[in-house]
Amino acid sequence: MGDYDRMFEDLFEGHGLSFRSYAVVDEEFPASIEDCDGWLITGSKHGAYEPHAWIPPLEQFIRDVYADGRPMVGICFGHQIIAQALGGRVEKYSKGWAVGRHDYIIDGQTIALNAWHQDQVTRLPEGATVIGQNEFCDNAALIYDNRILTVQPHPEHTAEFVGRLAESRGRGLVPDELLDAAIAQLDQPTQEQTIAGRMAAFLKRGA
């Protein structure tokens, strides 16, 4: 169904953004933070705390963008690695996985979004303000001095994608009862465009 770069292009379709992609997992990094007007860090199968060679330079890139002030958005792994790079902590959550449709309170509004994560931001870095949470995830959406906006759930994950992910990769990894509950809710609406609109407007500050 396409890699994350394609998923985000689909999510932001109609918002007037153009994209360049960098496979940092393959140690492909931008030459400069000025290569783009704003930055987006996607999800990943890797943990922010894992000892990969590309993690430290990615963290330094995040700190450089933050210092520069151009906008950055992070989703799931992006949400976590940004928090870690700026002094927070990311861990495997003791209560396990969140998969499928979940309700979040973001800026006082209830928004349903799809999730797929076991790791969470468990300690906030200095400068981060919580703007979204639910009972399972205290730090589900963060903003940093109006420079960086991050969310733990996956607005780019469609119901179809969640269903295929549950069956193709979830079994044996995620408890069956969580996968079955997620599949049972695939026909329920989500509000990913609410978050997409906010993220697009946030990124356009750099244009």
Can a salt bridge be assigned to the pair Asp180 and Arg171 using a cut-off of 4.0 Å between side-chain N and carboxylate O? yes
Run Glu192 and Leu11 through side chain to side chain contact (heavy atoms under 4.5 Å, CB included) and show every step you take. CA-CA 8 Å; Glu192 64 277 353; Leu11 178 69; 4.0 Å; yes
Any heavy-atom pair between the side chains of Phe161 and Met7 that's under 4.5 Å? yes
With heavy-atom distances below 4.5 Å as the criterion, would you say the side chains of Tyr49 and Ile55 are in contact? no
When rounded to the nearest 0.5 angstrom, what distance separates CD in Glu167 from CG in Leu179? 7.5 Å
Once rounded to the nearest 0.5 Å, what's the spacing between atom CD1 of Ile111 and atom CD1 of Ile106? 4.5 Å
Distance check, rounded to the nearest 0.5 Å: Ile148 atom CD1 versus Phe202 atom CZ? 7.5 Å
Beyond-backbone contact of Asp145 with Tyr66, side-chain heavy atoms, under 4.5 angstrom: yes
Taken to the nearest 0.5 Å, the spacing of Ile75 CD1 from His117 NE2 works out to 13.5 Å
What is the distance from atom CZ of Phe77 to atom NZ of Lys45, rounded to the nearest 0.5 Å? 12.5 Å
Can any side-chain N or O of Arg101 pair as donor or acceptor with the backbone N or O of Pro189 at less than 3.5 Å? yes
Would you say His79's side chain and Asn139's backbone share a donor-acceptor pair under 3.5 angstrom? yes
Give a yes or no answer on whether the side chain of Gln188 reaches the backbone of Gln185 with a donor-acceptor pair at less than 3.5 Å. no
Is the shortest side-chain heavy-atom distance between Gln109 and Asp107 below 4.5 Å? no
Does the side chain of Asp35 reach to within under 4.5 Å of the side chain of Tyr22, using non-hydrogen atoms? yes
Measure from the side-chain N and O atoms of Glu91 to the backbone N and O of Thr122, and report whether any donor-acceptor pair falls under 3.5 Å. no
Distance-only donor-acceptor check, side chains Gln120 and Gln152, under 3.5 Å: no
Quick one: sort the Phe61 and Trp39 rings into parallel, tilted or perpendicular, breaks at 30° and 60°. perpendicular
Within the distance-only criterion (no hydrogens, no angle test), does the side chain of Arg123 pair as donor or acceptor with the backbone N or O of Gly87 below 3.5 angstrom? yes
Reported CG-to-CD distance for the pair Asp103 and Glu135, which is rounded to 0.5 angstrom: 10.5 Å
Backbone N or O of Gly38 within a donor-acceptor pair of the Lys204 side chain at under 3.5 Å? no
Give a yes or no answer on whether the side chain of Arg198 reaches the backbone of Gln193 with a donor-acceptor pair at less than 3.5 Å. no
